[in-house]
Every structure is written in structure tokens, then in C-alpha cells.
Amino acid sequence: MKTVTVNVNQVGLVVKKNAVVRVLAAGKHWLGFGEKVEIYDMSKAFQTPHDIDVLLLIDGFKDFVEIVEVADNELCIMYVNNNFNKVLPAGRHVCWKGLQHYRFQIEDISTIEISPAVSRQLLERQTLAYYVRQFKLEPFEKGLLFVDGVFVMILNAGTYYWWKNATTISISKADMRVATMEVSGQEILTKDKAQIRVNFSVQYQVYDIVKALLENKDYEKQLYTLMQLVLRRYIGQMTLDELMENKAEISKYVIEATAEDVKALGLLMLNGGVKDIILPGDVRDIMNQVLIAEKRAQANIITRREETASTRSLLNTAKLMEENAMLFKLKEMEYVEKIAEKINNISVSGNGQIVDQLKQLFVK
């Protein structure tokens, strides 16, 4: 016989022949022949080499432990002193009772929906994140939620959480901002067999995400093909000269001709236009020559017009001077003045007859 002391924060298991025979609370106790005691600290996690089912059959053992049963389709969030501690998976879990306050929150994870009772902050914890699926949609995005391959609902921007289980969840996203598509380098034959290259730009926006993602596959590729076909159809029925004269009409026609088809894709056409029309080298050289010839002809016409006007002005001046002798003399004096401006020195000779000679020049 011997005595053993169990402290306040401890519990003892009396073992005889490798089997637990009784439980010891705090205090002094006598041990019988062949008995030994195992002391457990109740402030630490429950760990014992003995079978828990056997321990539960011993009188008084249940008074020292907290027992929580978690089913296969459940998990348990354990709080210690009202603070999150850890997540308990399916199975039986045992904790020492007395020194700390335990709270167990059991959640059904057979469905994907997470109860509002679970704090969103906990969903970011690494220990709980293992059991949670997280999807994030940016402020400019919308998404379609599919559960086991079945469309369920439209999701707006935000962060979404669902339980991780056998249910398959997928999200298809779409950018709801205004986007630009370049239909570049389209080689097209005009009505008069001229081969040109056209670069076309279009602005569009997704307005019906269900049509865009659920009812159509690769809506961007379909929009690109649609623009190609309409451009080819419109340009193919015009000659090169008609095309160059009505270049601004191309965008208007394309937008109007594709409005219904674009709407069926779940898109909204906002704007479009031709960026470039690239001609073959030889055609470009010919058009440059034509342009130069036209400009030269226009320059010649303008020159002839100015010469005619100048000649007409001279003729009118001559008629006036013929009819008015004083006007003729004034014109002479004007030219003499212009000549005098270019003379630096004047030498006078003539035996005093210079004044008479000048008078003869300017006075009739």
C-alpha cells in the first residue's frame, strides 16, 4: 500500500494489469497491491494510450472530460474561453473539463452553403480554410455559378465562400468593362478586283452574361468572325473609288448590320470605325501619280487665271492712261521715282540747261 497525491489541475487513472480500474480526483489516495497511477495535466490536450471507449465505461470518468461527436458530414469549430482554437474533423473528440471553458460549434458541410453563424474572419484562418472553397470576383466582373454542372445564379462582384465537399462548384467569369477588338489585316477584294487590306476597330460591352457565357461559346471569337464577314460583304460590293469616297459609311453599315447578331451574343456594340485602308504598292503608286497630275492641273488653272487677271488689269490701266495724259505723266513720275531710289549719285552737266531738260520730261 502507498499513497499518491493528485493536484487540483490534475486527474489520475489507476492502472492494474495494464487496465484502468478507477479515476482519481484531486487529493490524496491509497493505491492497492499491483496498482500504479497515471497523472494527467488537465490544462493540456487529452492524450492517453488507453481506449477511449473503455475509459468511458469507468465510473466517474465522464465527469472529467468534454466529449463531442462529429459526424462524417460535419465539422466542429472549437472555442476555448470564447476564442477560436481549432477545427475538429469527423470522429469522437475528448477534452479535459474544468480549468477552461469549451464551446463546440458543429456545422453541416454536406451542403455548400455556410451558415451565417460562422464568422467570415474565421474563414480566412488557415486551419478552417482547408474546408472552405473561396472564389473572388473583381469589381468589374460578374460570374455564373454552376453546382454539379447546373447553372444556379448570377454572381456580382465580391468574395464568396462555400464548404468543400463532394459537390462540384465552378464559376464562369466575364469582364463587364468596355472592351476594344481589333479586326486587323483583312485582305479583301473590291468589286473591281482591287486587293486591299483593312484594319477595323470596334468597341463593345457585355450586357447579358447569361447569353454571353451560357448560350454562346467564345463570344469574342464569334464577334471577330461576325465583323470579318460583314466587312467582306460590304467592301466586296464596292469599287475602289467608291470605297475611298465612302470610307466613313463603312462603320455605320457594320454597326447597323450586326446589331441583332451582336445582341444575340449578349453584347452591346458601342462604336466602330475603319483605322486603315492599305492599298497594294502598284495601286498606291498609280493613285499618287493621279493625285500629282490633278494637283498640277489645278496649279496650272490657277496660274492661268492669275495671269489673265493680271493682263486684264494692265489693259485697263493702259486704257485709262491713254484717255488721261496727266495719269500717264503720274505713272512716268512713279517709275522715275523707283529708278531714283536705286541711284546713289547724280552728276549734272549741260551748261545750265538741266532744269529745262527735266522740265521737258515732267511737263508737257
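All of these numbers come straight from a predicted model, not from anything done at the bench.
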Looking only at heavy atoms, the pair that brings V68 and C76 closest together is CG2-SG, 4.1 Å
Carefully, step by step, assess M153 and L155 under the rule side-chain contact (heavy atoms from CB on, under 4.5 Å).
-> CA-CA 6 Å; M153 62 183 296; L155 301 178; 3.9 Å; yes
Would you say V262 and I255 make side-chain contact, with heavy atoms under 4.5 Å?
-> no
For the residue pair V118 and Q105, establish whether any side-chain heavy-atom pair is separated by less than 4.5 Å.
-> yes
Common cluster, V65/V15, ILVMFWY with side-chain heavy-atom separation under 4.5 Å | yes
Contacts of S110 that satisfy side-chain hydrogen bond (donor to acceptor under 3.5 Å, both in side chains) - sequence neighbours left out | D108
Please determine, by modelled atom types, if N165 and R133 share a side-chain donor-acceptor pair under 3.5 angstrom.
-> yes
Criterion side-chain contact (heavy atoms from CB on, under 4.5 Å) on Q10 and M42, from CA distance to verdict = CA-CA 5 Å; Q10 295 177 336; M42 298 176 66; 5.6 Å; no
Is there side-chain contact between S43 and Q100, with at least one heavy-atom pair below 4.5 Å?
-> no
In terms of side-chain geometry, is the basic nitrogen of R92 or E69 positioned less than 4.0 Å from the acidic oxygen of its partner?
-> yes
Euclidean distance, M238 CE relative to I250 CD1, rounded to 0.5 Å | 6.5 Å
Taking Q205 for its side chain and M176 for its backbone only, find out whether a donor-acceptor pair lies under 3.5 Å.
-> yes
Do any N or O atoms from the side chain of T239 and from the backbone of E242 form a donor-acceptor pair under 3.5 angstrom?
-> yes
V14 versus V20: any side-chain heavy-atom pair under 4.5 Å?
-> no
Has D51 got more than 12 heavy atoms of other residues, nucleotides or ligands less than 6.0 Å from its CG?
-> yes
Between L213 and L268, is there a shared hydrophobic cluster once you connect ILVMFWY residues whose side-chain heavy atoms come closer than 4.5 Å?
-> no
With a 4.5 Å heavy-atom cut-off, do V147 and T168 have their side chains touching?
-> no
Please check if atom CG in D59 has more than 12 non-hydrogen atoms from other residues, nucleotides or ligands closer than 6.0 Å.
-> no
side-chain hydrogen bond (donor to acceptor under 3.5 Å, both in side chains) partners for Y234, two or more places apart = none
Can you name the closest pair of heavy atoms from S251 and G272 and give their distance?
-> CB-O, 3.1 Å
Spacing of CG belonging to D72 relative to CD1 belonging to I109, to within rounding of 0.5 Å | 9.5 Å
Keeping the roles fixed (side chain from N85, backbone from V80), state whether a donor-acceptor pair exists under 3.5 Å.
-> no
Modelled atom types, side-chain donor and acceptor of E66 and Y102, under 3.5 Å = no
Below 4.5 Å, heavy atoms only, C-beta onward: do F46 and C95 meet side chain to side chain?
-> no
With no hydrogens and no angle check, is any side-chain donor or acceptor of Q222 less than 3.5 Å from a backbone partner on K217?
-> yes
Electrostatic pair K173-E138, nearest N-O below 4.0 angstrom | no
I58 and L55, any side-chain heavy atoms less than 4.5 Å apart | yes
Basic-acidic side-chain contact under 4.0 Å: R22, E35 = yes
Distance-only, no hydrogens or angles: does the D208 side chain make a donor-acceptor pair with backbone N or O of V210 under 3.5 Å?
-> yes
Could you tell me whether the side chain of N216 and the main chain of Y219 form a donor-acceptor pair under 3.5 Å?
-> no
Hey, does the side chain of N81 reach the backbone of H101 with a donor-acceptor pair shorter than 3.5 angstrom?
-> yes
For W162 and E113, run side-chain contact (heavy atoms from CB on, under 4.5 Å): C-alpha distance rounded to whole Å, both residues' side-chain angles, the deciding distance at 0.1 Å, then the answer.
-> CA-CA 6 Å; W162 292 284; E113 297 297 332; 3.8 Å; yes
Mind checking whether Y40 and W96 have parallel, tilted or perpendicular rings, split at 30° and 60°?
-> tilted
Applying the 4.5 Å side-chain criterion to the ILVMFWY set and letting contacts propagate, would W163 and Y160 be lumped into a single cluster?
-> no
Determine, using the 4.5 Å side-chain heavy-atom cutoff (strictly less than), whether I235 and L226 are members of one ILVMFWY cluster.
-> yes
Spacing of CZ belonging to F140 relative to CG belonging to L137, to within rounding of 0.5 Å = 10.0 Å
For the student: nearest non-hydrogen atoms of A26 and V8, plus distance | CB-CA, 3.8 Å
M269 versus L223: any side-chain heavy-atom pair under 4.5 Å?
-> yes
Nearest atoms (heavy-atom pairs only) where L24 meets V37 | CD1-CG2, 3.8 Å
Nearest-0.5 Å distance that lies between atom NZ in K263 and atom OH in Y207 | 5.0 Å
Short side-chain to backbone donor-acceptor contact, E74 and A71, under 3.5 Å | yes
Output for pair (Y204 OH, T258 OG1), nearest 0.5 Å, gives 13.5 Å
Please assess L144 against I171 for the test side-chain contact (heavy atoms from CB on, under 4.5 Å), listing each intermediate value before the final yes or no.
-> CA-CA 5 Å; L144 301 182; I171 292 179; over 6 Å; no
Can a cation-pi geometry be assigned to K164 and Y130, taking NZ or CZ under 6.0 Å from the six-membered ring centre and within 45° of the ring axis?
-> yes
At what distance, to the nearest 0.5 angstrom, does CD1 of I77 lie from CZ of R103?
-> 9.0 Å
Identify the two heavy atoms, one from Q237 and one from K191, that lie closest to each other, and give their separation to 0.1 Å.
-> O-CD, 3.7 Å
What are the two closest non-hydrogen atoms of L56 and I67, and how far apart are they?
-> CD2-CD1, 3.1 Å
Linked, directly or transitively: Y224 and V202 (ILVMFWY side chains, under 4.5 Å) = yes
